[in-house]
Amino acid sequence: MGADFPSRDAAAESRGAYGYWIVAIGAVLAGWTLAILATRQPTFRVLSSEAREPLEAAAATVITLVCVLAYIQYSLTNSTTAFFTGLAFLALASNQIVFGVFLGTGSFGITAQQEMYFWTVGRLFSGILLAISAVGGTRWAEVKRPSTRFLVGAVLVLG
């Protein structure tokens, strides 16, 4: 009446198959990178000006979803890591939406240099928040409404 546990051999085989896939994907990506570098002028520009806004909106949607998931984790665990991660992705999402979707170069008198400056500041601020979340810390005392603490942090980040 022993339990049917997988043998050590089966676990080793699954790790070997996993390692094989990592090597295969790495080889494909390395080949692709070499093919790009072998071309005379590798360009990574979007050729259609109409494609920029949908691409920026798609990126903003994904970043916003990560922010929402981090907030949900924070509200369930009261973790400082999830709190600062959520705020970092909120800063990224707002920066992406404002300067990627709504305000492009030339709209409302925004020059390319100003757009690049605000884009860079938003990314650096998000990086600082992610570094703080990586350091982590102790869990905060339980609060009745974690949404209030997150809302105060969000207002500070957006300000």
Side-chain angles (χ1 to χ4, degrees), residues 15 18-19 21-37 39 41-159:
R15 278 194 300 262
Y18 179 73
W21 280 108
I22 293 218
V23 169
I25 291 171
V28 168
L29 291 176
W32 190 358
T33 302
L34 290 174
I36 289 172
L37 292 175
T39 62
Q41 294 179 350
T43 59
F44 299 102
R45 291 179 287 154
V46 177
L47 299 177
S48 172
S49 61
E50 291 91 26
R52 180 179 175 190
E53 287 182 10
L55 289 172
E56 298 283 349
T61 302
V62 171
I63 293 169
T64 303
L65 287 174
V66 173
C67 174
V68 168
L69 290 173
Y71 167 73
I72 290 171
Q73 183 180 3
Y74 162 68
S75 67
L76 294 174
T77 63
N78 202 30
S79 164
T80 57
T81 301
F83 177 77
F84 286 114
T85 301
L87 291 180
F89 278 94
L90 177 67
L92 278 175
S94 63
N95 190 276
Q96 185 77 21
I97 290 169
V98 171
F99 294 106
V101 178
F102 293 124
L103 300 178
T105 302
S107 62
F108 297 105
I110 295 177
T111 65
Q113 289 82 13
Q114 288 172 328
E115 181 182 12
M116 181 57 74
Y117 170 76
F118 288 121
W119 183 89
T120 304
V121 168
R123 296 310 195 256
L124 287 174
F125 186 66
S126 298
I128 290 168
L129 287 172
L130 283 174
I132 292 170
S133 74
V135 172
T138 58
R139 289 179 51 167
W140 287 323
E142 295 293 326
V143 292
K144 289 184 180 180
R145 295 184 182 189
S147 59
T148 305
R149 180 182 286 161
F150 194 83
L151 182 64
V152 169
V155 167
L156 292 173
V157 164
L158 294 175

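Residue Leu90 comes nearest to Ala154 through the heavy atom pair CD2-CB, 3.3 Å, listed as atom of the first residue, atom of the second, then distance. Minimum interatomic distance between Ser126 and Ala88 (heavy atoms only, all atoms of both residues): OG-O, 3.2 Å. Here the closest non-hydrogen pair linking Thr85 and Ser133 is OG1-OG, 3.3 Å. Nearest heavy atoms, Gly153 versus Phe83: CA-CZ, 4.5 Å. Between Ala93 and Ile63 the shortest heavy-atom distance is N-CG2, 3.4 Å.
Within the structure, side chain to side chain donor-acceptor pair (under 3.5 Å) contacts touching residues 59-69 (residues at least two apart or in different chains) do not occur.
We find the OG1-OH distance between Thr80 and Tyr74 to be 9.5 Å, quoted to the nearest 0.5 Å. Atom CG of Leu87 is separated from atom CG of Leu130 by 10.0 Å, given to the nearest 0.5 angstrom.
In this structure Leu34 satisfies the side-chain contact (heavy atoms from CB on, under 4.5 Å) test with no other residue, sequence neighbours excluded. Residues satisfying the side-chain contact (heavy atoms from CB on, under 4.5 Å) criterion with Leu69, sequence neighbours excluded, are absent altogether. The side-chain contact (heavy atoms from CB on, under 4.5 Å) check on Leu151 picks up nothing, with sequence neighbours excluded. Residues forming a side-chain contact (heavy atoms from CB on, under 4.5 Å) with Phe125 (at least two apart in sequence, or on another chain): Ala91, Leu129, Val157.
For the side chain to side chain contact (heavy atoms under 4.5 Å, CB included) with Phe89, the lone residue among Val66, Val62, Leu65 that qualifies is Val66.
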